[in-house]
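These notes concern the structure reproduced below.
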Amino acid sequence: MTWKIIADSSSEFKTLDQLPNATQYERVPLTISVGDQTFVDDAQLDIDHMMEVMYASSTAASSACPNTEDYLQSYQGSDKIFVVTITGTLSGSFNAARVAAEMYKEDHPDAQIHLIDSKSAGGEVDLIVLELRRLISEGLSFDEIVQKITDYQNKTKLIFVLAKVDNLVKNGRLSKVVGAVVGLLNIRLVGEASAEGTLEMLQKARGHKKSVAAAYDEMIKSGYKGGKVIIAHRNNVKFVDQISELITSNFAQADIQAYPTSGLCSFYAEEGGLLMGYEI
Ligand code: X90
């Protein structure tokens with residue numbers, strides 16, 4: 001009996017330490033294309049280089065989800081499998097994982113696979129991955145974990161702050177109307193992952209400082225009470241420091257972790273962008 005936690009590269013975790021016995025972690029990469037160059041979002045990707053190439057290029061840049069074969073490969077050798085993907089509303093990643101699961105079960109009828117559409121990305125995906133690790137280490141059964149991780153998903157949210165949304169708009173993941181507002185006059189878009197797994201605008205904040213206040217304000221409004229926070233950020237330590245200070249001044253015990261965004265999240269959140277997952 002072997003367990004596997006699988007996440008696509010909407011998760012920041014390239015590897016995962018402190019894994020319970022007989023448990024493996026695997027990350028399935030999406031890819032980013034700039035002109036005729038393709039960047040695979042795996043542990044070897046030089047994200048800074050990819051971003052430089054992308055900003056230096058005038059040709060269209062896009063992303064592609066993993067294919068069914070990639071997921072099928074990742075399932076091999078395991079019979080208790082949890083898969084977490086980026087929102088299936090904006091990416092084909094979840095669907096590829098689902099088709100691969102059907103194929104895998106044909107050859108491994110006893111295998112159990114639970115597919116999780118995060119309806120989100122970045123920090124919220126990371127929270128789900130860490131919770132899966134915790135639940136497996138508690139020695140629960142597969143079905144108990146399915147139940148608990150489903151409950152957990154209802155208690156996590158994502159707030160994002162974006163200073164640039166060109167790649168989201170160009171790739172049809174955000175409306176042109178919203179896109180026109182951001183980037184003008186130092187405006188930052190503060191939004192949340194909607195229940196449907198799309199980007200929902202909450203506030204337009206002028207300048208960095210106001211974006212911190214707005215993000216914190218939205219966290220509290222949505223029911224944050226001092227739970228775990230994971231901030232995936234693209235070169236925005238200033239935001240991480242300031243919101244951490246704000247959170248801990250009100251919730252001294254809060255567990256706040258920050259990680260650089262994955263290649264995929266860097267591409268879409270762009271410079272200074274961040275995706276903050278938190279428990280409510
Ligand atoms: O399949 C693909 O090519 C991937 C497409 C992904 C498109 C959306 C990525 C968004 C990443 C933006 C801020 C927060 C998003 C909230 C999600 C609901 C980052």
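Every number for a ligand or one of its atoms is a count from 1 in the order of the listing. No hydrogens, no waters, no symmetry mates; every other heavy atom, side chains included, goes into these values.
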### Task
For Gly197, counting its heavy atoms only, list the atoms of ligand 1 lying under 4.0 Å from any of them.
18 (C)
### Query
For ligand 1, which atoms sit closer than 4.0 Å to a heavy atom of Ala64?
3 (O)
### Query
If we only count N/O pairs under 3.5 Å, is Tyr268 in contact with ligand 1?
no
### Message
Side chain or backbone, does Ser91 bring an N or O within less than 3.5 Å of an N or O on ligand 1?
### Response
yes
#### Entry: Qualifying residues under side-chain hydrogen bond (donor to acceptor under 3.5 Å, both in side chains), relative to Asp166, sequence neighbours excluded
none
Quick one: look up the protein heavy atom nearest [atom] and list residue, atom name and how far away it is.
| atom | result |
| --- | --- |
| atom 3 (O) of ligand 1 | Ser63 OG, 2.5 Å |
| atom 13 (C) of ligand 1 | Leu275 CD2, 3.8 Å |
| atom 16 (C) of ligand 1 | Leu158 CD2, 3.7 Å |

Heavy-atom check, side chain of [X] versus side chain of [Y], under 4.5 Å:
| X | Y | result |
| --- | --- | --- |
| Leu275 | Ser10 | no |
| Tyr216 | Val212 | no |
| Leu189 | Val165 | yes |

### Task
For the residue pair Phe82 and His114, categorise the inter-ring angle as parallel (less than 30°), tilted (30 to 60°) or perpendicular (more than 60°).
perpendicular
### Message
So that I know where these two stand, are Tyr104 and Tyr71 an aromatic pair - ring centroids less than 6.0 Å apart?
### Response
no
### Query
So which bit of Leu30 gets within less than 4.0 Å of ligand 1, heavy atoms only: side chain, backbone, both or neither?
side chain
